[in-house]
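Here the structure is a predicted model, which is why all the values come from computation and not from measurement. Computed over heavy atoms, backbone and side chain alike; hydrogens, waters and symmetry mates excluded.
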Amino acid sequence: MLFNKNIILEILRRRFSFEIENFVDACVSGFDNYELECMFDKEIDFAILNNIDEMKVEEFSVENEDNIQYVDGIFEVTIFMDGYQDEELENIYVSSIVADLGIGFSFNVEEDVYSDIDLEYLY
């Protein structure tokens, strides 16, 4: 199969959307206070993923071996997230932002079957 950025993006959206959404949600939940403060420009205790808006493949490569194609690269995802402060057992909404996350990916293609998605938070 021949690939370009649009084909890779469509594969990621159609075949791996569940895995990507769960991964991005885990990234947002895992941001520490310093990262959140840099993103929100104010004190934030935790953030929650609101929505994934856009995805764009930045780069990719394909290797062929024994009728299996190994695809890897980087995509950028634009997300909306809500920031909260934890005050006296009550979560207080502070603000929402749009952020871009860079995510490394790899997956396998064998006889038009896409499998073994691996994701890594880069930036």
Test log, rule side-chain contact (heavy atoms from CB on, under 4.5 Å), inputs T78 and V98: CA-CA 7 Å; T78 301; V98 176; 3.4 Å; yes
If you measure from CD1 on I8 to CE on M55, what distance do you get to the nearest 0.5 Å? 11.0 Å
Report whether L12 and I74 are members of the same hydrophobic cluster (ILVMFWY, side-chain heavy atoms less than 4.5 Å apart, transitive linking). no
Side chain to side chain donor-acceptor pair (under 3.5 Å) contacts touching residues 14-38 (sequence neighbours left out): E10-R14
In Å, rounded to the nearest 0.5 Å, how long is the span from CD of E87 to CG of D45? 7.0 Å
Treating Ile, Leu, Val, Met, Phe, Trp and Tyr as nodes and any side-chain heavy-atom pair under 4.5 angstrom as an edge, say whether F16 and V62 lie in one connected cluster. yes
Between E43 and Q85, does the side-chain contact (heavy atoms from CB on, under 4.5 Å) criterion hold? Intermediate values first, please. CA-CA 8 Å; E43 191 174 316; Q85 290 180 340; 3.8 Å; yes
What distance separates F75 CZ from L9 CG, expressed to the nearest 0.5 Å? 9.0 Å
Do K56 and E54 sit within salt-bridge range, that is, some charged N less than 4.0 Å from a carboxylate O? no
Side-chain donor-acceptor distances from residues 105-122 under 3.5 Å, at least two apart:
from : atom 1 : to   : atom 2 : distance (Å)
N108 : ND2    : D116 : OD2    : 2.9

Taking all non-hydrogen atoms of both residues into account, name the closest pair between G83 and I44 and its distance. CA-CG2, 3.9 Å
In Å and rounded to the nearest 0.5 Å, what is the CG to OH distance from D100 to Y123? 7.5 Å
Roughly how far, to the nearest 0.5 Å, is the CG atom of N91 from the CG atom of D82? 12.0 Å
Decide yes or no for I103 and V77: does some side-chain heavy atom of the first lie under 4.5 Å from some side-chain heavy atom of the second? yes
Answer with yes or no whether the hydrophobic clustering places F40 together with Y84; edges join I, L, V, M, F, W, Y residues whose side-chain heavy atoms lie under 4.5 Å apart. no
With hydrophobic residues grouped by side-chain heavy-atom distances under 4.5 Å, do L49 and I97 end up in a single group? yes
Would F46 end up clustered with M39 when hydrophobic side chains under 4.5 Å apart are linked, directly or stepwise? no
Can you establish whether the number of heavy atoms outside Y93 located under 6.0 Å from its atom OH is more than 12? yes
Go through the steps for F80 and D53 under the test side-chain contact (heavy atoms from CB on, under 4.5 Å), then give the verdict. CA-CA 7 Å; F80 293 95; D53 184 44; 3.5 Å; yes
Take M81 and N51 through the test side-chain contact (heavy atoms from CB on, under 4.5 Å) and record every step on the way to the result. CA-CA 7 Å; M81 61 180 168; N51 187 28; over 6 Å; no
